[in-house]
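In what follows, a single structure is set out as structure tokens and then discussed.
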There are 2 protein chains.
Amino acid sequence: MPFPQTEIPGRLQAELAARGIRMTEQRRAILKVIETAKKHLAAGQILRKAQRLNAAVDRSTVYRTLELLKRHRMVDELDLMHMDGDGHYYERKLARDHIHMACLRCGKITEFMSEIFDSLKQQLERDCRFSIVVARLEVGGYCSECRH
Amino acid sequence: MPFPQTEIPGRLQAELAARGIRMTEQRRAILKVIETAKKHLAAGQILRKAQRLNAAVDRSTVYRTLELLKRHRMVDELDLMHMDGDGHYYERKLARDHIHMACLRCGKITEFMSEIFDSLKQQLERDCRFSIVVARLEVGGYCSECRH
DNA sequence: ATTCTAGTTGCGAATCAGTCGCAACTTCAG
DNA sequence: CTGAAGTTGCGACTGATTCGCAACTAGAAT
């Protein structure tokens, strides 16, 4: 994730509290997994990691919590060009959107922030009179090491 | 789809032929459905429409043909922000990429071409030394009629 | 501290999109 | 017209995600 160091531990928990959402042991475990993730995690991986913190965490609770976090725009759901099956990946939503580039050969995911991307979103808001809630730009191709 | 009028009927079929790919009745039906589609179709809808042209078309043939077309970059696979379930949508790939905006209230999909989008892709190629094969920008939010 | 209730959970069954193995069938080059 | 390679239908299967429901709990009100 870009600039993870700008994140405060427990931030997600605090944000949920601020919105008056109930905290449970299970949610705490899941939030911690998402906050400390070093890469994009699929739901199944979040489940396994959360269970290491609290063995009681159930699959459906993970899905329900992800749903909750999505609804509150605290995580983004990614496809990462379906590099591996049809599942989704999740990441903490940060202040600024970024682009995901997936290398079709080595599978590496590269993240990139761009002023041009920001302008493009402004253009959509302005020229299409569209009020953006989420914007997801995913690119598939070959990274600098893999393009032949 | 933008500028459908620039498309020649039977174009997909011709392109497959040009690549030395075998043509079958089933594929003809599926290609026709995709070419004449007025909106983005999910695999199941493509199946039903293709079966009207040729009752023998099977679900797996639809999926296998979509896979083939994706491999040859003749269709793009979209999620359309998962407005309805987790399935995918398909559309004929045209010369120029475009952006998909999905209204979270009315469900309308708006397509938009943008020079800024083109520049952004160039920036990724240049600054990240990334060789783009597919780029998918999907935006969720509220369209001009639905933003309160 | 105790009570109460709306919100949350685990469970297991269900759903749903997409995949696969295989034998039968077609396409099309020669 | 023939044969090999490519394609198909079928039905079983997978893997991700959802759901109904009874039991449980967080946290506000007492």
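Predicted model only: the values in this text are computed from it and were never measured. Proteins come first, then strands; the chains are lettered A, B, ... in the order of their sequence lines, and each starts at number 1. Below, all heavy atoms of this structure are taken into account, side chains as well, without hydrogens, waters or symmetry copies.
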Do the side chains of B:E35 and B:K32 get close enough for a salt bridge, i.e. N-O under 4.0 angstrom?
no
Round to the nearest Å and state the distance from A:N54 atom CG to D:dT25 atom C1'.
14 Å
Can you tell me the distance, in whole Å, between the CE atom of A:M23 and the C1' atom of C:dA6?
16 Å
Phosphate OP1/OP2 of D:dA16: any A:H88 side-chain N/O under 4.0 Å
no
Measure CD/A:E67 against C1'/D:dT18 and give the value in whole Å, please.
10 Å
Do the ring planes of A:H88 and A:H82 sit parallel (below 30°), tilted (30 to 60°) or perpendicular (above 60°)?
tilted
Hey, does the side chain of B:Q26 come within less than 4.0 Å of C:dT26's phosphate (OP1/OP2), counting only N and O?
no
Separation of D:dT18 C1' from A:L66 CG (nearest whole Å)
13 Å
Provide, to the nearest angstrom, the distance between the NE2 atom belonging to B:H82 and the P atom belonging to C:dC16.
17 Å
Hey, is the side chain of A:T24 poking within less than 4.0 Å of OP1 or OP2 on C:dT9, counting only N and O atoms?
yes
CA sep, side-chain torsions, deciding dist, call: A:Y89, A:E77, side-chain hydrogen bond (donor to acceptor under 3.5 Å, both in side chains):
CA-CA 6 Å; A:Y89 295 87; A:E77 186 175 63; over 6 Å; no
Rounded interatomic separation in angstrom, taking CG from A:L68 and P from D:dT18:
14 Å
Would you mind telling me which residue lines up with the more 5' stretch of DNA chain D, B:R64 or A:Y63, judged by nearest nucleotide?
B:R64
NA contact type, B:A42, heavy-atom cut-off 4.0 Å: base, sugar-phosphate, or nothing?
nothing
Taking NZ, NE, NH1 and NH2 as the nitrogens, is one of them in A:E15 or A:K93 under 4.0 Å from a carboxylate oxygen of the other?
no
Tell me: NE2 of A:H72 to P of C:dG7, nearest whole Å?
12 Å
Per A:S60 side chain, nearest of listed nucleotides C:dG10, C:dG18, D:dT7
C:dG10
Would you kindly compare B:D86 and B:R22 by the position of their nearest DNA chain C nucleotide and give the one closer to the 5′ end?
B:D86
Do NZ/NE/NH1/NH2 and the carboxylate oxygens of B:E67 and B:R64 come within less than 4.0 Å?
no
Is a donor-acceptor contact shorter than 3.5 angstrom present between the side chain of A:R59 and the base of C:dG10?
no
Atom CE of A:M83 to atom P of D:dG15: distance rounded to whole Å?
19 Å
Within less than 4.0 Å of OP1 or OP2 of C:dT9, is there a side-chain N or O belonging to A:R27?
yes
